[in-house]
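All heavy atoms count here, side chains included; hydrogens, waters and symmetry mates do not. Count residues from 1 along the sequence.
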Amino acid sequence: MGITTGILTALLTVDTPMATIILTGIIMDHPTITVAIITATTWRVRNDGNKAWPEGVTLIPAGGDSLCPEETVLSLPGMDIDEEQEVHVTLQAPEKPGLYTQYFRARTREQQLFGHRLWVSVMVEGE
């Protein structure tokens, strides 16, 4: 299994919940996996805001290539200020070889996106 994961910073307002990636799973430059294989990635996130996360926060796909079903919605644990948690996402490599990247965002019940944009990249090879 091999994947590249990372973050891109998002602009936030003062009242918005905060989330920062502090550690990613496997970090390599475009690692290779086989077509159609099911794998996973993990990010370690921290609430670096000035208030606890509200109830009902989820992680959703937010663009890029499809490495998991578009309707994927993962419940995230509530997090107090400065608390850290691991976030796991199951991925399925596409059927065709190539470089693929998918992005994810944390979202409140009110549909407000917040925190860093998470991403995962994989290089898919033929069987």
Side-chain angles (χ1 to χ4, degrees):
M1 171 183 69
I3 52 180
T4 301
T5 60
I7 58 165
L8 297 174
T9 303
L11 296 175
L12 303 171
T13 63
V14 175
D15 247 5
T16 303
M18 298 288 289
T20 298
I21 285 295
I22 58 170
L23 180 66
T24 60
I26 299 169
I27 303 173
M28 296 185 254
D29 289 330
H30 307 301
T32 304
I33 62 175
T34 306
V35 296
I37 193 169
I38 295 176
T39 187
T41 191
T42 301
W43 298 279
R44 187 157 185 84
V45 298
R46 177 178 54 228
N47 175 358
D48 60 351
N50 58 7
K51 62 181 180 179
W53 284 10
E55 292 295 316
V57 170
T58 56
L59 187 72
I60 61 167
D65 302 303
S66 181
L67 296 173
C68 64
E70 197 166 309
E71 65 276 3
T72 298
V73 176
L74 302 162
S75 294
L76 296 180
M79 289 184 25
D80 290 326
I81 298 169
D82 292 327
E83 184 178 354
E84 298 177 7
Q85 296 279 344
E86 288 189 349
V87 176
H88 307 280
V89 176
T90 301
L91 309 167
Q92 179 158 1
E95 297 286 333
K96 294 181 181 179
L99 177 61
Y100 296 88
T101 300
Q102 178 146 20
Y103 301 96
F104 299 87
R105 292 294 304 274
R107 180 178 72 183
T108 66
R109 275 191 187 143
E110 295 74 34
Q111 311 302 309
Q112 179 183 26
L113 300 175
F114 70 93
H116 288 154
R117 183 168 67 160
L118 311 178
W119 59 267
V120 58
S121 290
V122 296
M123 176 64 77
V124 177
E125 285 187 341
E127 293 185 56

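Taking OG1 of T58 as the start and CZ of F104 as the end, the distance is 12.5 Å to the nearest 0.5 Å. The line from CG of L91 to CD1 of I38 is 10.0 Å long, rounded to the nearest 0.5 Å. The structure places CZ of F114 at 7.5 Å from CG of N47, a figure rounded to the nearest 0.5 Å. Note that CG of L118 is 11.0 Å distant from CD1 of I60, once rounded to the nearest 0.5 Å.
Side-chain contact check for V122 versus D65: every heavy-atom pair is 4.5 Å or farther apart. For the pair Q102 and P61, the minimum side-chain heavy-atom distance is below 4.5 Å. Side-chain contact between M79 and V45 is present, with heavy atoms from C-beta onward closer than 4.5 Å.
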Check your understanding: side-chain contact (heavy atoms from CB on, under 4.5 Å) between T90 and T72: does it pass, once the steps are laid out?
Key -> CA-CA 10 Å; T90 301; T72 298; over 6 Å; no
Practice item. With side-chain contact (heavy atoms from CB on, under 4.5 Å) as the test, would you mind laying out the steps for W43 and V89 before giving the verdict? Key: CA-CA 9 Å; W43 298 279; V89 176; 3.4 Å; yes
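Contact record, A36 with Q92: O-NE2, 3.4 Å, taken as the closest heavy-atom pair. Minimum heavy-atom separation, L59 to A106: CD1-N, 3.8 Å. The minimum heavy-atom distance between Y100 and V124, with the atom names listed, is CD1-CG2, 3.7 Å. In plain terms, the two heavy atoms of T42 and H88 that are nearest each other are OG1-ND1, 2.8 Å. Shortest non-hydrogen contact noted between I81 and A52 is CG1-N, 4.0 Å. Residues R105 and A62 come closest through the heavy atom pair CG-CB, 3.5 Å.
Not a single donor-acceptor pair under 3.5 Å links the side chain of Q85 to the backbone N or O of P77.
Partners of Q111 by side chain to side chain donor-acceptor pair (under 3.5 Å), not counting sequence neighbours, listed by chain and number: R107.
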